[in-house]
Amino acid sequence: MSKGNIQLTLPDGSVREFPAGATPLEVARSVGERLAAAGVAGQLDGEIVDLRAPIGRSGKFRVLTPRDSEAGVVIRHSAEHVLADAVERVFPGTIIDAGRQDHSEKFQYDFRVDHAFTPEDLERIEQEMARIVKEGKPFERQVVSRKEAAEIFRKRKEEIKLIRLEDIPEGEDITLFRHGDFVDLCRGPHVQRTDQIGAFKLLETSGAYFKGDERNEMLQRIYGTAFATKEELDSYFAKIEEARRRDHRRLGKELDLFSFSPLAPASPFFHPRGTIVYNELVALMRELYQEFGYEEVITPQLFDVDLWKRSGHYDHYRENMFFSDVEGREFSMKPMNCPGHCLIYSTHAHSYRELPVRFADFGRLHRYERSGVVQGLTRVRTFSIDDAHIFCTPAQIGQEVSSLFELMFRVYGIFGFQQPAIYLSTRPEKAIGEEALWRNAEAQLERCLKERGVEYTLNPGEGAFYGPKIDFVVLDAIGREWQLGTIQLDFNLPDRFDLTYVGDDGTEQRPVIIHRAVLGSVERFFGVMLEHFAGDLPLWLTPEQARVLPVSDRFMDAGRAVRDRLVQAGLRAELDERSEKLGAKIRDGELAKIPVLLVVGAREAESGGASVRVRHRGDLGTKDLDEVIATMTTTVHKRVLNPWPEVQ
RNA sequence: GCCAACGUAGCUCAGCCGGUAGAGCAAGUGAUUCGUAAUCACUAGGUCCGCGGUUCGAUUCCGCGCGUUGGCUCCA
């Protein structure tokens, strides 16, 4: 390789040499004019680069065209600029801030305008964008000095850009991208021409704090999405529609599981059916607690604030707590169970021989959440957690965390969640306890993760105020992420409550507390699980496991006998006593997502069986009642996902 | 908390430019006695979220409050 040249390995495996500073566009041209014309960006060792940005080093290189899925990022990023351009044209005098593309398939741009964007405005802006796209204006990349950039934005009266310019660290290249008369401070990469933005749509407007800080002014944000093709755009909306179909708030109402009242904002009411589901979730955890050595406790709802002062919640969590004054004494609803468990622990002396002590608690918690943040079951003001606190010796942390991993994977497997992603969160700014304690706790968790050989991602500064944590994030049936389980190490609370145990040398030692939850909030899990299953709950969890449908009133007694036998076998079965035709009963049973419908008519009344119709499977024919009961009870007890497995 | 939209029968929704409301489903009653996703008829059901204001008159326009939704910020 001659001096000053770079070597690029192309997708076909060939290696070509180019002068350093050659642009991806030039590389593309050397492959073929058609590739060069179709290209939207380059990719060097996985990193997406602008077609006009000089390549500074050797590596694996390819040209991205609209057919590559990675092209979407570039297209959306370019659509941002077109959006800003269109807004400036439709609303002259608008001060633009900056665009961004979040990790989803949306892009956004923030504006300072004196009037609020309406849906009609969005339509006008969209039309203007369509015009700009159609014009096929080339994007131009330009590297400028700080002074030049400042000059340009000053002239354009883009005051926010000047602030953004100052935020660019000294020594970094300042690049501008232009298309037509529009110019923006931007790193890129961008498509070559605006008409490479194949399909786009503006979605919604919202307020957004400047630089994401609520002390700053609020700008107006417009969200949109863009893809290379109309088909991709359509499938984006299909995905949104699917999520809407699964929305737990809609399902909760349709299946009569829970509701909300304005008289108790953000506080769910679980109806009889929802309560069955809720209790099954709790029962699952109770069953596993037996196996994993937990002891359940029940603790008070309301505590003197002295408790919270002692635990540190009063100083660090007060803005999330509900208070009440009684007899001139200040009380607070508990937002967490841990201090109560510390009080139980300290009711008697402990020996190292009895540790670990594991207190489980499904106690109801109340946390004040700002009115704008609450949402369905996933963000509420009262909930319970499958909460437990493990009091152990420092030496036991490893084995406890290890056993927790086993518990977590067991539970998530029961629901068919994918292998969870794991995050390690470290000391936040607002934390209690000495730096050294924190470092020790973080190191211990890290060691546990390494010893297990699990992959994890570091989340610096995201820990709880009392200790670092490991979070478990699962993917649901349509690929969305949900944070469920958590393991939090706490060296602070034992200190604050002066908890001790007697070590094998007879001296007083300080235990460690591990806060942990598997489902997390039962309410949130309920919502997540409901969406994951799209309302089709597994047999063990569903409120009505079977519904008996007499073909006509004449077979009501036969139907009742079938229902009674199922109920005696411990199944949740009901009888459709309405004087409806079979078709209507089946339709209503299906709409209620009942897994097993049992039809009873002349034939069945004769033989004593029932005709079995399984959801998503259809009519399985007449079966003996003993077989129906055996299949169903086994499926329930084993918590099998499939409501009617052929082979048990 | 902040920005915006929305709030009409149990549910889903219609209701133009201000003249006190309508559909489908659900519910009730009656008829029908039916074999794998909707039988027919009739009946009842409304502080049009609440409170103020403008107006001869407000579900409709304006203000405030409450709630919900989508974002921002925050979070189990």
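The chains referred to below are lettered A, B, ... by the order of the sequence lines, with proteins before strands, and numbering in each begins at 1.
Annotation: cation-pi geometry not satisfied between A/R286 and A/Y289 (NZ/CZ under 6.0 angstrom from ring centroid, within 45° of ring axis). A cation-pi contact links A/R124 to A/F91, judged by a cut-off of 6.0 Å to the six-membered ring centre and 45° from its axis. Relative to the six-membered ring of A/F227, A/R76 meets both conditions, a distance below 6.0 Å and an angle of at most 45° to the axis.
Judged by closest nucleotide on RNA chain B, A/I586 is the one of A/I586 and A/P265 placed further toward the 5' end. Heavy-atom nearest nucleotides on RNA chain B were determined for A/E604 and for A/A208, and the one closer to the 5' end corresponds to A/E604.
For A/L591, taking side-chain heavy atoms from C-beta onward, the closest of the listed nucleotides B/C34, B/A37, B/C72 is B/A37. Relative to the side chain of A/S552, the nucleotides B/A76, B/C34, B/U73 differ in distance, and B/C34 lies closest. The side chain of A/V373 has B/U73 as its nearest neighbour among B/G70, B/U73, B/A4. When distances run from any side-chain atom of A/R613 to the nucleotides B/U36, B/G35, B/U39, the shortest one goes to B/U36. Considering only the side chain of A/R367, B/A76 comes nearest among B/A76, B/U36, B/U33.
Classification of the A/F258-A/H248 ring pair by plane angle, with boundaries at 30° and 60°, yields tilted. Note on ring orientation: taking the six-membered ring where Trp is involved, the planes of A/Y466 and A/H313 are tilted (angle from 30° to 60°). Classified by interplanar angle (parallel below 30°, tilted 30° to 60°, perpendicular above 60°), the ring pair A/F526/A/Y278 is tilted.
Nucleic acid contact for A/G583: sugar-phosphate only, since backbone atoms but no base atoms lie under 4.0 Å from a heavy atom of the residue. At a threshold of 4.0 angstrom between heavy atoms, the contacts of A/A517 with the nucleic acid are absent. Among the atoms of the strands shown, base atoms are found under 4.0 Å from some heavy atom of A/S579. Looking at heavy-atom distances under 4.0 Å, A/Q488 makes no contact with the nucleic acid at all. In this structure, A/G212 reaches the sugar-phosphate backbone alone: every heavy-atom distance under 4.0 Å involves primed, P, OP1 or OP2 atoms, never a base. Within the 4.0 angstrom heavy-atom criterion, no nucleotide atom of any strand lies near A/I385. If you check every strand for non-hydrogen atoms under 4.0 Å, A/G376 touches sugar and phosphate atoms only. Here A/S611 lies in heavy-atom contact (under 4.0 Å) with a base. Heavy atoms of A/E590 sit under 4.0 angstrom from at least one base atom. Within 4.0 Å of A/R249, counting heavy atoms only, lie sugar-phosphate atoms of the nucleic acid but no base atom. As judged by a 4.0 angstrom heavy-atom cut-off over every strand, A/A592 is placed among residues making no nucleic acid contact. Residue contacts for A/K253: at a heavy-atom cut-off of 4.0 Å it reaches the sugar-phosphate backbone alone, with no base atom in range. A/E523 comes within 4.0 angstrom of no nucleic acid atom, judged by non-hydrogen atoms across all strands. Using a 4.0 Å heavy-atom distance criterion, A/E369 is classed as a base contact.
With a 3.5 Å ceiling on both atom-pair distances, B/G57 lacks any Watson-Crick or G-U wobble partner. Here B/G50 sits opposite B/C64 as a Watson-Crick or G-U wobble pair (both hydrogen-bonding atom distances under 3.5 Å). Base pairing of B/C72 is made with B/G1, judged by Watson-Crick or G-U wobble geometry with both donor-acceptor distances under 3.5 Å. Across all strands shown, B/U39 pairs with B/A31; the Watson-Crick or G-U wobble distances both stay below 3.5 Å. Using N1 to N3 plus N6-O4 or O6-N4 for Watson-Crick, or N1-O2 and O6-N3 for G-U wobble, each under 3.5 Å, B/G24 pairs with B/C11.
In the interface, the side chain of A/Y209 is paired with the base of B/G1 through a donor and an acceptor atom under 3.5 Å apart. Judged by distance alone with a 3.5 Å cut-off, no donor-acceptor contact links the side chain of A/R554 to the base of B/U33. Interface remark: the A/R379 side chain does form a donor-acceptor pair with the B/C74 base, using a distance-only criterion of under 3.5 Å. One cannot find a donor-acceptor pair under 3.5 Å joining the base of B/G71 and the side-chain atoms of A/Q220.
Atom name P, nucleotides B/G70 and B/C64: the rounded distance is 24 Å, in whole Å. Using atom C1' as the reference point in both B/G15 and B/U8, the two lie 9 Å apart (nearest Å). Nucleotides B/U12 and B/G52 place their C1' atoms 32 Å apart, quoted to the nearest Å. Nucleotides B/G22 and B/A37 are separated by 37 Å at their P atoms, to the nearest Å. B/G46 sits 14 Å from B/C11 when the P atoms are compared, rounded to a whole Å. Taking the C1' atoms as reference points, B/C51 lies 27 Å from B/C13, given to the whole Å. Taking atom C1' on both B/A31 and B/C49, the two are 40 Å apart, rounded to the nearest angstrom. One P atom belongs to B/C40, the other to B/U33, and the distance between them is 15 Å to the nearest Å.
Taking atom CZ on A/R250 and atom C1' on B/U69, their separation rounds to 14 Å, with Å as the unit. When the P atom of B/C2 is taken as reference, atom CZ of A/R370 falls 9 Å away, rounded to whole Å. When rounded to the nearest whole Å, the span between CG of A/D588 and C1' of B/U39 equals 13 Å. One atom, OH of A/Y223, and another, P of B/A5, lie 17 Å apart when rounded to the nearest Å. Put simply, NZ on A/K211 is 19 Å from P on B/C72, counting in whole angstrom units. Distance CG (A/N459) to P (B/C75): 12 Å, rounded to an integer number of Å. Between the CZ atom of A/R587 and the C1' atom of B/A26 there is a distance of 12 Å, rounded to whole Å. Rounded to whole Å, the distance from CG on A/D114 to C1' on B/C3 is 15 Å.
A salt bridge links A/E523 with A/R364: at least one charged nitrogen is closer than 4.0 Å to a carboxylate oxygen. Between A/D213 and A/R215 there is a salt bridge, since a side-chain N of the basic residue sits under 4.0 Å from a carboxylate O of the acidic one. Using a 4.0 Å cut-off between charged nitrogen and carboxylate oxygen, A/R587 and A/E590 do not count as a salt-bridge pair.
Stacking is found between A/F383 and the pyrimidine-like six-membered ring of the B/A76 base under the 5.5 Å centre-distance and 30° plane-angle cut-offs.
Side chain to side chain, A/K623 and A/T631 fail the donor-acceptor criterion of an N or O pair below 3.5 Å.
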